[in-house]
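Here is the structure we will look at.
Indexing begins at 1, ligand by ligand and atom by atom, following the structure's order. Hydrogens, waters and symmetry mates are skipped; everything else that's a heavy atom, side chains included, is used.
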Amino acid sequence: MKVQNHPAATKAVDLAARSWFIVAVIGQMIFACYVLMLYWKSAALGDFEKWNAASSHFYVKGDLLGNTIFGLHVALAAIITILAPMQLIPQVRSYAPGFHRISGRIYIFSAFLISLAGLYLSWIKGSVGGLEGSVVITMNAVIIMICAFFAVKNAIRRNIASHNQWAVHLFLAMSGVWLFRVFLMLWIMAWQAPVGFDPETFTGPFLNFLGFMVYVFPQAIVAFYFLAKKSEVASTKWAFSGLIFLITMGTAQGIVAATMGLWVPRM
Ligand code: HEM
């Protein structure tokens, strides 16, 4: 029988990770509602002009290809946001393995498709944020596709431990654009002003820094999570738990700010 070292610290790691996950899922469901209410509903009603509620160039009259790709992007945004947490809940995996496999295939396929559609929107259709914004979001697309590739490769080889690790990396990568909105709104709420970037062009040093913090840094946090779980050193476990506790507080406040400032007004 395996003797567990530092049970309190081990519990803290688990509790910290679960707390962040629960807060994130609540926030992501609000984001999914926003996407459904704004983009899906207006598409179903044929009111495509409403797509421009967030930015005036999402629906461009006559640009069939651009509008279709944007529509595909936001259609997938709702699907993946709803499916993602279910892939990670162990009870769903053990009681409904068939569902896990089918929704996993849809999720991985969508991860590639939403990234490719996003790359088209950034580099061909044109987006706010200019060249630097496109470079920053491209990092997200590349990270998503790498994680999706390894998650599926390990699933096919029945290398379940590695598959699980890549699935968590993928979840965080897929949460990048959501985290961007949450922490951007937290920043604006804290300063009560758009500090460190130009709100007209949506460019500036803060946005580049934020892009790195939400697209790249979470991958290091996931690696730290698996390290803290395995570690025999109590201080490593406590350090991880403390960090995640702070991030959870920030995430929760950011969700409130994004819900009130971005999503509810446009629904
Ligand atoms: C993987 C999860 C993703 C989700 C859930 C998602 C969701 C969304 C949503 C909802 C919008 C509409 C804007 C809004 O209402 O907030 C949007 C726009 C956009 N997304 Fe994504 N997206 C994801 C990934 C990506 C990736 C990987 C890229 C880039 C390669 C990307 C590039 C874009 C671009 C360029 C726009 C238009 C922004 C503009 O023109 O200003 N997205 N996305």
Side-chain angles (χ1 to χ4, degrees), residues 24-25 27-43 48 50-60 63 66-85 87 106-149 151 167 169-185 197-203 207 211 214-216 218-219 257-259 261-267:
V25 170
Q28 295 196 0
M29 290 309 120
I30 300 170
F31 182 53
C33 284
Y34 155 78
V35 174
L36 289 171
M37 295 295 289
L38 176 59
Y39 297 109
W40 284 48
K41 190 176 155 204
S42 49
F48 292 100
K50 220 178 157 211
W51 284 6
N52 291 337
S55 188
S56 60
H57 63 283
F58 289 164
Y59 176 74
V60 180
D63 179 12
N67 293 335
T68 306
I69 292 182
F70 180 78
L72 174 74
H73 189 77
V74 286
L76 291 171
I79 295 171
I80 56 125
T81 306
I82 293 166
L83 284 186
Q87 291 305 106
I106 298 171
Y107 185 62
I108 296 281
F109 182 66
S110 303
F112 282 104
L113 215 53
I114 200 168
S115 301
L116 295 174
L119 289 173
Y120 177 91
L121 296 176
S122 303
W123 294 102
I124 299 172
K125 186 172 153 74
S127 58
V128 294
L131 177 66
E132 43 196 286
S134 296
V135 170
V136 170
I137 189 95
T138 296
M139 289 190 306
N140 186 222
V142 171
I143 293 172
I144 288 175
M145 290 191 277
I146 291 173
C147 296
F149 172 79
H169 279 285
L170 178 59
F171 177 72
L172 265 296
M174 294 282 266
S175 302
V177 300
W178 172 81
L179 285 168
F180 191 95
R181 287 156 175 77
V182 165
F183 281 95
L184 174 64
M185 293 310 288
F197 70 97
D198 177 351
E200 295 300 319
T201 59
F202 209 61
T203 52
L207 295 181
V214 299
Y215 301 139
V216 182
Q219 297 302 320
T259 303
L262 280 185
W263 300 325
V264 168
R266 295 177 191 159
M267 273 193 204

Enumerate the atoms of ligand 1 whose separation from the nearest heavy atom of [X] is less than 4.0 angstrom.
X	result
Y34	14 (C), 15 (O), 16 (O)
N140	27 (C)
M174	1 (C), 2 (C)
H57	39 (C), 40 (O), 41 (O)
F31	5 (C), 10 (C)
A77	5 (C), 7 (C)

Backbone, side chain, both or neither: what part of [X] comes under 4.0 angstrom of ligand 1, heavy atoms only?
X	result
V177	side chain
S122	both
W178	neither
L38	neither
V35	side chain
I144	side chain
F202	neither

Any side-chain donor-acceptor pair under 3.5 Å between S175 and Q28?
->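 Q28 and S175 do have a side-chain donor-acceptor pair below 3.5 Å.
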Nearest option to atom 34 (C) of ligand 1, as decided by whichever heavy atom of I80, L76, I69, L121 sits closest |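 It is L121 whose heavy atom sits nearest to atom 34 (C) of ligand 1.
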Main-chain N/O of D63 paired to K125 side chain as donor or acceptor, under 3.5 Å =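 Not at all, since once roles are kept as given, no pair shorter than 3.5 Å links the two residues.
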Does N52 reach the main-chain N or O of Y59 with its side chain, forming a donor-acceptor pair under 3.5 Å?
->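 Yes: the side chain of N52 pairs with the backbone of Y59.
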Provide the closest heavy-atom pair for [X] versus [Y] in the form atom of the first, atom of the second, distance.
X	Y	result
A148	I108	O-CD1, 3.8 Å
V182	A258	CA-CB, 4.3 Å
V74	V35	O-CG1, 3.2 Å
F171	P85	CE1-N, 4.2 Å
S122	S127	CA-OG, 3.8 Å

For [atom], the protein heavy atom that lies nearest, with its residue and separation:
atom	result
atom 32 (C) of ligand 1	G118 CA, 3.6 Å
atom 28 (C) of ligand 1	I137 CG1, 3.4 Å
atom 25 (C) of ligand 1	H73 CE1, 3.4 Å
atom 12 (C) of ligand 1	Y39 OH, 3.5 Å
atom 37 (C) of ligand 1	F58 CE2, 3.6 Å

Non-hydrogen side-chain atoms of L131 and W123 separated by less than 4.5 Å =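 Yes, their side chains come closer than 4.5 Å.
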M174 and Y107, any side-chain heavy atoms less than 4.5 Å apart =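 Yes. Closest side-chain heavy atoms under 4.5 Å.
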Does ligand 1 have an atom under 4.0 Å from some heavy atom of S115?
->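 The answer is yes, since S115 has a heavy atom less than 4.0 Å from ligand 1.
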Just say parallel, tilted or perpendicular for the rings of F70 and W51, cut-offs at 30° and 60°.
->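 Rings of F70 and W51: tilted, 30 to 60°.
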Determine the interplanar angle of the F180 and Y215 rings, folded into 0 to 90°, and report it as parallel if under 30°, tilted if 30 to 60°, perpendicular if over 60°.
->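 The rings of F180 and Y215 lie parallel, inter-plane angle below 30°.
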Show the numbers, then the answer: is there a side-chain contact (heavy atoms from CB on, under 4.5 Å) between Y120 and H73?
-> CA-CA 10 Å; Y120 177 91; H73 189 77; over 6 Å; no
Purely on distance, is any nitrogen or oxygen of V128 under 3.5 Å from one on ligand 1?
->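 Yes; the residue has a nitrogen or oxygen that sits under 3.5 Å from a nitrogen or oxygen of the ligand.
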